[in-house]
2 protein chains.
Amino acid sequence: MPRGSASAREPLSRGRVLRAAIALADAEGIDAVSMRRLAEGLGVVPMALYKHVADKDDLLDGMVDTLIGDMPALQAPRPTQWRGAVRDTILGARAVVAAHPWARRAIETRTVRTPAVLGHMERLTQLFLGAGFSPDLTHHVMHLLGNRIWGFSPELFNDPGGAPSPTKRRTSGTPDPQDYPGILLIAADAQARRPGAVGCDEDFEFDFALGVILDGVARLHRSKWASDAARDGG
Amino acid sequence: MPRGSASAREPLSRGRVLRAAIALADAEGIDAVSMRRLAEGLGVVPMALYKHVADKDDLLDGMVDTLIGDMPALQAPRPTQWRGAVRDTILGARAVVAAHPWARRAIETRTVRTPAVLGHMERLTQLFLGAGFSPDLTHHVMHLLGNRIWGFSPELFNDPGGAPSPTKRRTSGTPDPQDYPGILLIAADAQARRPGAVGCDEDFEFDFALGVILDGVARLHRSKWASDAARDGG
DNA sequence: TGACCGGGTGTACATCGTATGCCTACGCTC
DNA sequence: GAGCGTAGGCATACGATGTACACCCGGTCA
């Protein structure tokens, strides 16, 4: 009865819920995604969502999963091209994550491994194995890449999220820049190299770091690190 | 009146609040740290905490800050020893973080840079600058290290936190291991190398990754990467 | 003496996730 | 068609959380 018009509202589904949640997070940030706000946007009562989603954790997992499901998959590259293929795969992931500012934090906080997440990890793993990397080295390389496989690295100097309101943070004294001459020096240097820019060039930093890592990996691979059976105590 | 004994309770202070919060997090996990639980443990009403802490974010910031303040600072090393000094500094941080399981997640989610955080970053920065790294290269190296400066890297394969209760996660189907042969292969290989072990050898993976990164950095430094003025378009 | 003020108290509110039970419409079998 | 299980949306309610706001008490200082 309270339902203004009993029109043929298309029924909910897990996919529709997840897509609505992603849209809401895109529009208003991840903190705006509460079961109540989400249900409201779908013209439905909050508890209705629980027919399609186990709980809020499952919702977040689903959001991350559908997002990562959108990441492009490359055609099988030639084994000699593994370096470029890895870079392309990771930069493709980076593009997807960059389009959804909430995704970085969401991926970091998720704990379970959903199919799309595993699929992305599997593709990268196959690139290394296909290039002749040993399973052992491949394993270590995946750890070495860490969250960089998702196309992001922690923001060391920038502040993610909104600007810290100036009225807050009164209890802990604001640190004095003069106490950190080294940081000040590299900040000034960066500023001089990119006049007018705010913050660091995250895209450059990411590609730089990825390059250093893949160079190191390539060197290990060439040195037949993989074929040495006994490398540590175990 | 409700205060059982009006004994001379030692007054609260920011330090006492933060130490109590850390102890609570150590004992029962970070989720147990609510303003109410914390106040209860201190024999005080919840709102009393707000006289020493701006809000819950400030509390978390303070916890991280005092924790990082405990990290050991090395004596100034000789410039030729920068690699070992960096490694020791980071492994020292790792030891502190490892002693407080909640710290990893807490550090990741914090956004503001508190004095102790900046101090740790400053010390590392100085190690590179002192070894003759250019400010530019030092800057990139700090980004390259990322969260690894805190002594942890994302857990790719393990599940942090409590075991996922088997009754949950019913909505999204559990993935079939057979769909991920590459991951399965490296997991089986790791299992064969360390029979009876559960999960990955995080300590080894961390040191391995740190070694690859520092090797790459050393090579860049030796190749006088820093002295090339024009390296990209900008 | 009286004003101030640092610090602890009490009450109250908005918001959140979600347990539980009900109600309705559809599709199945007999 | 009669009976009925089931999927999906609804209504209510509970406990927990962060924190705004007003108060009050004991000291210090003019």
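Note that this is a predicted model, so its numbers are computed, not measured.
The separation between A:Leu38 atom CG and C:dT15 atom P is 17 Å, rounded to whole Å. Atoms CG (B:Leu49) and P (C:dG8) sit 9 Å apart, rounded to a whole Å. Across the protein-nucleic acid pair, B:Leu60 atom CG and D:dG18 atom C1' stand 12 Å apart, rounded to whole Å. Across the protein-nucleic acid pair, B:Asp57 atom CG and D:dT19 atom C1' stand 13 Å apart, rounded to whole Å. Look at CD on A:Glu40: it is 17 Å from P on D:dG9, rounded to the nearest Å. One can place CG of A:Leu12 at 9 Å from C1' of D:dG9, the figure rounded to the nearest angstrom. Straight-line distance from the NZ atom of A:Lys56 to the P atom of C:dG17: 4 Å, rounded to whole Å. Straight-line distance from the CZ atom of B:Arg37 to the C1' atom of D:dT17: 13 Å, rounded to whole Å.
A salt bridge links A:Asp203 with A:Arg94; the closest basic N to acidic carboxylate O contact falls under 4.0 Å. The pair B:Arg105-B:Asp31 does not meet the salt-bridge criterion, since no charged nitrogen lies less than 4.0 angstrom from a carboxylate oxygen.
Dashed line: the shortest gap from a side-chain N or O of A:His52 to OP1 or OP2 of D:dG9 is under 4.0 Å.
The stretch residues 27-36 of chain B touches DNA chain D through B:Ser34, B:Met35, B:Arg36, each having a heavy atom under 4.0 angstrom from the strand.
Between the side chain of B:Lys51 and the base of C:dG6 there is no donor-acceptor pair of N/O atoms closer than 3.5 Å.
Under the salt bridge (Lys or Arg N to Asp or Glu O under 4.0 Å) criterion, A:Glu205 pairs with no residue, sequence neighbours left out. Residues passing the salt bridge (Lys or Arg N to Asp or Glu O under 4.0 Å) test with B:Glu40: none are found, sequence neighbours excluded.
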Expected list for residues 42-49 of chain A: side-chain donor-acceptor pairs under 3.5 angstrom, two or more places apart:
none

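Contact check for A:Val96 versus A:Ile68: no side-chain heavy atoms found under the 4.5 Å cut-off. B:Gln126 has its side chain within reach of A:Pro181: a pair of non-hydrogen atoms, C-beta onward, lies under 4.5 Å apart.
Checked against D:dA11, D:dT17, C:dG8, the side chain of A:Met47 finds its nearest nucleotide in D:dA11. The side chain of B:Val44 sits closest to C:dT9 out of D:dG8, D:dG18, C:dT9.
Applying the ring pair (Phe, Tyr, Trp, His ring centres under 6.0 Å) test to pairs two or more places apart or on separate chains, those with a residue in residues 91-116 of chain B are B:His100-B:Trp102.
By the neighbour-count criterion of 12 heavy atoms within 6.0 Å, atom CZ of B:Arg87 is sparsely surrounded, having that number or fewer from other residues, nucleotides or ligands.
With axes fitted over five pairs at each extremity, the angle between the ends of the helix from C:dT1-D:dA30 to C:dC30-D:dG1 is 10° (10° resolution).
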